[in-house]
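Structure, as structure tokens:
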Amino acid sequence: MQVELAAEIAKRFGNVRRARGCYLYTEKNVRLTDCFLDGGRALLGWDGGKARTVFKDTLERGANGSYCAGYESRLATAVRHLLPAEYTEIRWYYDASCAADGPSSNAAAGENNTRFGASPVLWRPWIDICAQTEPKPTRYPEITITHLSGERPAVIKLVPPFPWATTLSIYAFRAGSVSSAGGSPAAKSSFGAEAAAFGTSDATFKTGSKSLADPAELTGSKSLAESADSLPPSDFAPAPLLAAYARAFYDLKTALAAYGEKDFRCHSKQLSPLFERRACWLFPTISRESYPDLFLRCLDKKILLSPDYDTPSIIPWRANKGDMKGLADSI
């Protein structure tokens, strides 16, 4: 059963007219507590914070045509500041269906996770990348990355934490992650093992008519950073959106140090029967077949979960405790 998010909300409460923080306000004067947050694009709140101000300021300058406005380097720098130093090459791509048809559905957006096949690992804040235990007393503390494989992934996919309906995602390539002659079987097997560890198997990334093969085949004896010219150029995105993304990643780095386990665990008892909580992310433990019914029951209680079983919901840690009572009642 495929859950139609917009249709289910409109059928019960009317269209969404306004959004602030972790709340959606409908035309029938109903406030929904959003635990979906657009799959993480509204992770820092629907207000947009300082990123929204940057978006508006850039838009008002009028330089929004299909030419370079200089924000590409700003976005790449912001992502590099968030990640460890070895992630040197930054690109951004739309989902293939989005390039031709506009923003795709949640199901199509989920296909983004397999576009690099053997190497991309979807990054979720506070799970794979987190602030150090004792961060430096700076505005943007040092960030460390941990991963189940014990080795940092070759390519990280990042969902920009800015509330804008698009499937544009950021990809960060780790320098020195590939060192093989002509894509040797040994190199391919190492990427295959990494793929198996994270449930990915497709070996080709496609953006429109462009195709990026397995990085081991792509780079030969060069590292990904040395083979930057071989990577497809980033897809076009308007200047206001790139500027907002850059600001949003700086805001996210601040949030990584400002929020932590103490903020996420307050609702653990209410959620434990049906979800496994990892930091602020909620992974369903019930069967896939039972999930649509849970989604609809929670929506009736004015709690919006992720409509996709494979996309975890998010604890709205800035919501009132009373708002989550509906979720506990549904469980």
W126 side chain near L256 side chain, heavy-atom distance below 4.5 Å: yes
Rounded distance (nearest 0.5 Å) linking atom CG of D251 with atom CG of L43: 11.5 Å
Pair T58-L241, side-chain contact (heavy atoms from CB on, under 4.5 Å): steps then yes or no: CA-CA 9 Å; T58 308; L241 190 59; over 6 Å; no
Exam field: side chain T26 to backbone V16, donor-acceptor pair closer than 3.5 Å: no
side-chain contact (heavy atoms from CB on, under 4.5 Å) between D310 and R288, intermediate numbers included: CA-CA 9 Å; D310 296 313; R288 185 180 297 271; 3.0 Å; yes
Ion pair R12/D300, N-O distance below 4.0 Å: yes
4.5 Å side-chain heavy-atom contact, W281 and I315: no
Sub-4.5 Å side-chain heavy-atom contact between I303 and C35: yes
Where A279 and E261 come nearest, the two heavy atoms and their spacing: CA-OE1, 4.3 Å
T311 side, atom OG1; L305 side, atom CG - distance, nearest 0.5 Å: 12.0 Å
Flag if over 12 foreign heavy atoms under 6.0 Å of CG, N15: yes
Residue pair Y291, V3: steps toward the side-chain contact (heavy atoms from CB on, under 4.5 Å) verdict: CA-CA 10 Å; Y291 187 77; V3 176; 6.0 Å; no
D34 side chain near P316 side chain, heavy-atom distance below 4.5 Å: no
Separation of L294 CG from Y309 OH (nearest 0.5 Å): 10.5 Å
Shortest non-hydrogen separation from P232 to Y93 and the atoms involved: O-OH, 2.5 Å
CA sep, side-chain torsions, deciding dist, call: R297, D293, salt bridge (Lys or Arg N to Asp or Glu O under 4.0 Å): CA-CA 6 Å; R297 281 191 285 123; D293 179 62; 3.1 Å; yes
Nearest heavy atoms of A19 and L24, plus distance in Å: CB-CD2, 3.7 Å
For A78 against A246, the heavy-atom pair lying closest together: CB-O, 3.5 Å
Any N64 side-chain heavy atom under 4.5 Å of P240 side chain: yes
Heavy-atom check, side chain of W92 versus side chain of V79, under 4.5 Å: no
Side chain to side chain contact (heavy atoms under 4.5 Å, CB included) partners for Y25, two or more places apart: R18, R20, Y23, R31
Considering all heavy atoms, the nearest A63-A239 contact: O-CB, 3.6 Å
L75 side chain near I90 side chain, heavy-atom distance below 4.5 Å: no
Stepwise side-chain contact (heavy atoms from CB on, under 4.5 Å) check, Y71 with V54: CA-CA 11 Å; Y71 294 101; V54 171; 5.9 Å; no
Common cluster, F36/F283, ILVMFWY with side-chain heavy-atom separation under 4.5 Å: yes
CG-CG distance between D235 and L168, expressed to the nearest 0.5 angstrom: 7.0 Å
Transitive ILVMFWY side-chain link V30 to L37, under 4.5 Å: yes
Considering all heavy atoms, the nearest P163-W46 contact: CB-CE3, 3.4 Å
Atom pair CG (L32) and SG (C298), whose distance is rounded to the nearest 0.5 Å: 12.0 Å
N-O pairing of R17 and E27 below 4.0 Å: yes
Test item: R91 side-chain N/O and P233 main-chain N/O as donor-acceptor pair under 3.5 Å: no
R247 side-chain N/O to F55 backbone N/O, donor-acceptor pair under 3.5 Å: no
Contact check, side chains of L158 and L82, non-hydrogen atoms, under 4.5 Å: yes
Rounded distance (nearest 0.5 Å) linking atom NZ of K302 with atom CZ of F13: 7.0 Å
